Amino acid sequence: MELEQIMQLIEKVSDSTLTAFDYEADGVKITMEHGKMPEMVPVMAAQTVQNAASDMPVKMSAAAAAPAVTESSNGCLVTSPLVGTFYAAPSEDAAPFVQIGDTVKKGQVLAIVEAMKLMNEIESDYDGVVKEILVKSGEMVDYGKPLFRIG
């Protein structure tokens, strides 16, 4: 199963009224419960899975990689579009992409979320001022976790 297919499956289950879903094929078992992170259990040895994964091309649809934006009275919440590790800067010794009080434009990179050794840029879908940064660099984030409040 390709990453794109897995991402589509996650979206479909998340949007449905299902409470649990199991899938098993080609040595991969996927178990999902609504509101929980998907669990992938390889049937073959971990090293084989790691080697196979490094050889697979990875493509994410624009919809799956786009951060979710939620309007509120205190501004706009930019949430994580995927599960991974949040990074506020492009490298450990670099300045953060944005800080509280910075003015941002739509399409400007706010942070990076690393998932499966891929760096995914989180772009602003909103023009405004960064009011809050809701996570710390290096922190694990789940799908839908609020990252920034932009007002």
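These numbers come from a predicted model, not from an experiment. Residues: numbered from 1 along the sequence shown.
- Taken to the nearest 0.5 Å, the CG atom of Leu147 stands 7.5 Å off from the CG atom of Leu134.
- The hydrophobic cluster containing Met119 also contains Phe97, counting ILVMFWY residues as joined when their side-chain heavy atoms lie under 4.5 angstrom apart, directly or transitively.
- Summarising the geometry, atom NZ belonging to Lys106 is positioned 9.0 Å from atom OG belonging to Ser124; distances are rounded to the nearest 0.5 Å.
- To the nearest 0.5 Å, atoms OG1 (Thr79) and OH (Tyr143) are separated by 7.0 Å.
- Between Val113 and the options Val135, Val83, Val141, Leu118, a side-chain contact (heavy atoms from CB on, under 4.5 Å) holds for only Val141.
- For the pair Glu114 and Tyr87, the minimum side-chain heavy-atom distance is below 4.5 Å.
- Comment: Glu123 does not engage Lys105 in a salt bridge, judged by the lack of any side-chain N to carboxylate O separation of less than 4.0 angstrom.
- When the side chains of ILVMFWY residues are joined at heavy-atom separations under 4.5 Å, either directly or via intervening members, Met140 and Leu82 end up in two distinct hydrophobic clusters.
- The nearest pair of heavy atoms linking Ala89 to Pro96 is CB-CA, 3.8 Å.
- Annotation: the span from Thr85 atom OG1 to Ile112 atom CD1 amounts to 11.5 Å, rounded to 0.5 Å.
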Legend entry - Ile122 and Val78: CA distance, side-chain angles, deciding distance, side-chain contact (heavy atoms from CB on, under 4.5 Å) verdict: CA-CA 9 Å; Ile122 306 302; Val78 177; 4.1 Å; yes
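- Here NZ of Lys131 is found 10.5 Å from CZ of Arg149. Values are rounded to the nearest 0.5 Å.
- Taking CD of Glu139 as the start and OG of Ser80 as the end, the distance is 10.5 Å to the nearest 0.5 Å.
- Residues Val104 and Val98 have side chains in contact (heavy-atom distance under 4.5 Å, counting atoms from C-beta outward).
- Residues Ile100 and Ile150 fall within the same hydrophobic cluster, defined by Ile, Leu, Val, Met, Phe, Trp and Tyr side chains chained together at heavy-atom separations under 4.5 Å.
- In this structure, Ser137 and Ala88 approach most closely via the heavy-atom pair OG-N, 3.2 Å.
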